[in-house]
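To keep things clear, I will list the structure first and then write my remarks on it.
Computation of the quantities below employed the complete heavy-atom set of this structure, encompassing side-chain atoms and omitting hydrogens, waters and symmetry-equivalent molecules.
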Amino acid sequence: MLISDKFHLTYCTNIHPGENWELTKDSLEEYIPQIKSKVAAKESFGVGLRLSDKASRELGTEEHLEIFKEWLDANGLYVFTMNGFPYGNFHDEKVKDLVHAPDWTTNERVAYTKRLFDQLAYLIPDKVSGGISTSPISYKHWHTTPDLMQIAYQKGASNITEIILHLLELEQETAKYLHLDIEPEPDGLIENSDEFISFFKDYLIPIATVRLQEKYNIDSKEAKKYIHRYVTICYDVCHFSLAYEEPEETFEKLEKAAIKVGKIQVSSALKITYNEERKAQLWNSLKSFDESTYLHQVTEKIGEEVRTYNDLPTFIQERNEFSEIRVHFHVPIFLEKYEVLSSTQEYIIKVIDYIKKHDVTAHLEIETYTWDVLPGSLKTELSDCVIRELEWLKGKLLS
């Protein structure tokens with residue numbers, strides 16, 4: 001839905017089953033119309049579409065894509081953003097670090113992302129820009145030496161250049177402006193704004209500039225314009241709070257580097273402030289978030305450095321002393337506290353305050369994908385949860 005004629009607001013449908021197109025379609029038809037009826041009954045409602053590789057392949061067969069577009073139009077819906085980060089199944093099985101696989105060093109990731117962009121170009125309305133969020137190149141623990149990391153960065157930049165060329169051709173053919181939104185996260189090869197800018201400057205620009213010059217016979221200035229146009233950052237609020245980055249500083253740093261924000265994923269992490277008197281209750285509450293499906297990295301700021309534990313079970317097992325930690329567990333954005341634990345909701349408020357005053361991005365997508373694995377006391381009917389999050393965020397944007 002459009003807020004203040006400025007923000008396209010939606011939620012990410014990665015919260016619904018999506019192993020194949022039939023499951024995806026059934027989930028969309030079950031949930032989205034009823035959610036729209038509560039939050040945008042008399043206006044168009046944007047969809048943050050998530051397609052697995054298998055679902056995307058099946059959507060491209062027979063007349064599924066055309067039928068889906070007709071269904072969207074008939075129900076006052078439109079797709080403006082997609083989540084192209086998880087390639088395979090994202091529910092009811094162990095995901096953990098495999099959420100990055102296949103990564104940007106592979107041809108499979110390139111083919112999948114190109115196909116998603118072709119489908120988005122067909123689905124998106126005229127005069128609306130669109131983006132697809134994606135993995136931060138790879139998972140850091142798969143590349144255990146500086147040399148291996150450098151190879152991954154180089155191969156990732158080369159493959160992302162293929163996407164730049166594809167998006168340029170798509171825009172020339174369809175007049176649709178689409179962008180790739182790289183999403184930093186803990187233990188990704190790109191974790192924070194400094195690493196994003198370094199990748200952009202040290203790998204993507206040098207590699208992509210040469211390819212663009214060779215293909216289009218243009219100068220380096222023109223080539224860099226296309227790189228900055230088609231590759232943007234996905235600012236996930238949860239992830240940047242885990243990096244202990246203040247939103248205003250990050251947005252100003254990105255603007256100085258001429259890097260666009262393609263999408264803001266509105267999400268919240270767990271925050272735990274140590275309390276000796278309630279130590280036992282604190283650890284018990286924290287254990288209730290230890291589940292086996294997703295990675296839940298833990299970060300702690302020590303001086304100017306951010307220390308990362310690769311998963312919540314590691315941190316719980318070590319039981320190190322701390323003053324404050326943050327956990328990569330997307331909790332409901334309307335949740336400020338849970339038992340003796342807190343959330344990083346204040347980062348969402350800071351982001352909202354900033355984007356209302358500055359032109360950062362038009363794409364806002366709530367991404368609380370953990371409803372199935374939350375502690376039992378936080379679970380309610382899924383559509384009610386989504387509606388509550390959308391209404392909460394809408395109210396903040398309009399206040």
Side-chain angles (χ1 to χ4, degrees), residues 10-36 45-72 75 77-103 108-109 111-124 130-135 180-181 183 185 234 236 263 265 267 291-295 330 363 365-374 379 381-383 385-387 389-390:
T10 188
Y11 76 99
C12 184
T13 60
N14 63 354
I15 66 174
H16 304 308
E19 182 180 352
N20 55 46
W21 173 240
E22 183 177 2
L23 279 173
T24 302
K25 178 179 72 69
D26 289 347
S27 294
L28 297 176
E29 291 177 349
E30 177 181 358
Y31 286 102
I32 291 188
Q34 62 173 301
I35 291 170
K36 178 188 182 302
F45 182 70
V47 177
L49 185 62
R50 188 261 159 168
L51 297 173
S52 68
D53 178 68
K54 184 176 182 180
S56 173
R57 289 179 184 274
E58 293 173 350
L59 178 59
T61 62
E62 300 177 359
E63 296 181 348
H64 293 316
L65 186 62
E66 293 83 354
I67 293 170
F68 180 48
K69 179 68 162 62
E70 291 172 358
W71 178 80
L72 290 168
N75 286 275
L77 304 168
Y78 65 101
V79 177
F80 69 91
T81 188
M82 296 174 72
N83 186 336
F85 194 146
Y87 179 94
N89 194 17
F90 198 57
H91 290 274
D92 301 323
E93 65 182 56
K94 185 177 180 180
V95 178
K96 295 292 184 179
D97 60 329
L98 294 178
V99 72
H100 292 274
D103 64 15
E108 289 88 350
R109 175 63 64 172
Y112 167 58
T113 306
K114 283 184 177 180
R115 189 185 328 114
L116 290 182
F117 273 119
D118 290 343
Q119 292 169 339
L120 180 58
Y122 180 82
L123 295 171
I124 198 167
I132 296 178
S133 49
T134 192
S135 160
L180 181 70
D181 311 331
E183 181 182 340
E185 75 164 36
C234 172
D236 186 299
K263 170 168 67 175
Q265 284 184 327
S267 56
E291 60 83 34
S292 60
T293 304
Y294 305 110
L295 276 177
H330 289 220
H363 292 183
E365 179 185 51
I366 296 173
E367 207 218 4
T368 307
Y369 59 81
T370 52
W371 296 108
D372 289 346
V373 296
L374 284 169
K379 291 182 181 179
E381 200 279 321
L382 184 58
S383 59
C385 296
V386 175
I387 291 165
E389 287 200 304
L390 286 165

Inset, instruction - State, to 0.1 Å, how close Ala55 and Gly18 come at their nearest heavy-atom pair, and which atoms those are. - result: CB-O, 4.1 Å
Inset, instruction - Go through the structure and list residues passing salt bridge (charged side-chain N to carboxylate O under 4.0 Å, His left out) with Glu185, not counting sequence neighbours. - result: none
Inset, instruction - Identify the heavy atoms of Ser267 and His330 that sit nearest to each other, and give their distance. - result: CB-ND1, 3.4 Å
Inset, instruction - Could you tell me which residues satisfy ring-ring contact (aromatic ring centres under 6.0 Å, His included) with Tyr112, sequence neighbours excluded, listed by chain and number? - result: Tyr87
Legend entry - pair Thr24-Leu59: side-chain heavy atoms closer than 4.5 Å: no
Inset, instruction - Return the minimal non-hydrogen interatomic distance between Gly46 and Thr10, and the atom names on each side. - result: O-OG1, 2.7 Å
Legend entry - Close side-chain approach of Asn75 and Phe45, heavy atoms under 4.5 Å: no
Inset, instruction - Please tell me if the side chains of Ile15 and Thr368 come closer than 4.5 Å, counting only heavy atoms from C-beta onward. - result: no
Inset, instruction - Measure the CD-CD distance between Gln34 and Glu30 for me, rounded to the nearest 0.5 Å. - result: 6.5 Å
Inset, instruction - Taking the side chain as every heavy atom from C-beta outward, state whether Ile35 and Ile387 have any pair of such atoms under 4.5 Å apart. - result: yes
Legend entry - Sidechain-backbone polar pair: Gln265 side chain, Glu367 backbone, donor-acceptor under 3.5 Å: no
Legend entry - Trp21 CH2 to Asp26 CG distance, which is reported to the nearest 0.5 Å: 9.5 Å
Inset, instruction - Could you list the residues that satisfy salt bridge (charged side-chain N to carboxylate O under 4.0 Å, His left out) with Lys379, not counting sequence neighbours? - result: none
Inset, instruction - May I ask you to decide if Asn89's main-chain N or O and Ser52's side chain share a donor-acceptor pair within less than 3.5 Å? - result: no
Legend entry - Point-to-point distance, once rounded to the nearest 0.5 Å, from CZ of Arg115 to CG of Leu120: 14.0 Å
Legend entry - Under the side-chain hydrogen bond (donor to acceptor under 3.5 Å, both in side chains) test, residues paired with Glu381 that sit two or more places apart: Ser383
Inset, instruction - Could you give me the CA-CA distance, side-chain angles and deciding distance for Val99 and Tyr294, then say whether side-chain contact (heavy atoms from CB on, under 4.5 Å) is met? - result: CA-CA 8 Å; Val99 72; Tyr294 305 110; over 6 Å; no
Legend entry - Nearest-0.5 Å distance, OG of residue Ser27 to CD of residue Glu19: 11.5 Å
Inset, instruction - State which residues pass salt bridge (charged side-chain N to carboxylate O under 4.0 Å, His left out) with Lys25; sequence neighbours excluded, sorted by chain then number. - result: Glu29
Legend entry - Validation row: Val386, Ile366 side chains within 4.5 angstrom (heavy atoms): no
Legend entry - Side-chain (Lys94) to main-chain (Thr293) donor-acceptor, under 3.5 angstrom: no
Inset, instruction - Fit a plane to each ring of Tyr31 and His16, take the angle between them on a 0 to 90° scale, and name the class: parallel (under 30°), tilted (30 to 60°) or perpendicular (over 60°). - result: parallel
Legend entry - Leu123 vs Leu65, side-chain contact (heavy atoms from CB on, under 4.5 Å): CA-CA, chis, key distance, verdict: CA-CA 8 Å; Leu123 295 171; Leu65 186 62; 3.9 Å; yes
Inset, instruction - Flag yes if more than 12 heavy atoms outside Glu63 fall under 6.0 Å of its CD atom; otherwise flag no. - result: no
Legend entry - Short N-O contact, Lys114 and Asp118, less than 4.0 angstrom: no
Inset, instruction - For the residue pair Tyr122 and Val79, establish whether any side-chain heavy-atom pair is separated by less than 4.5 Å. - result: no
Legend entry - OG1-CD1 distance between Thr81 and Ile132, expressed to the nearest 0.5 angstrom: 8.0 Å
Legend entry - Candidates His363, Glu365, Glu183 - the one meeting side chain to side chain donor-acceptor pair (under 3.5 Å) with Lys263: Glu365
Legend entry - SG-CZ distance between Cys12 and Phe90, expressed to the nearest 0.5 angstrom: 8.0 Å
Inset, instruction - Tell me, please, which residues at least two apart from Lys36 pass salt bridge (charged side-chain N to carboxylate O under 4.0 Å, His left out). - result: none
Inset, instruction - Check step by step if side-chain hydrogen bond (donor to acceptor under 3.5 Å, both in side chains) holds for Asp103 and Ser135. - result: CA-CA 7 Å; Asp103 64 15; Ser135 160; over 6 Å; no
Inset, instruction - Give me the ring orientation class for Phe68 and Trp71: parallel if the planes are under 30° apart, tilted from 30 to 60°, perpendicular past 60°. - result: parallel
Legend entry - Any side-chain heavy-atom pair of Asn83 and Thr13 under 4.5 Å: no
Legend entry - Expected output: side-chain Arg109 to main-chain Thr134 donor-acceptor under 3.5 Å: no
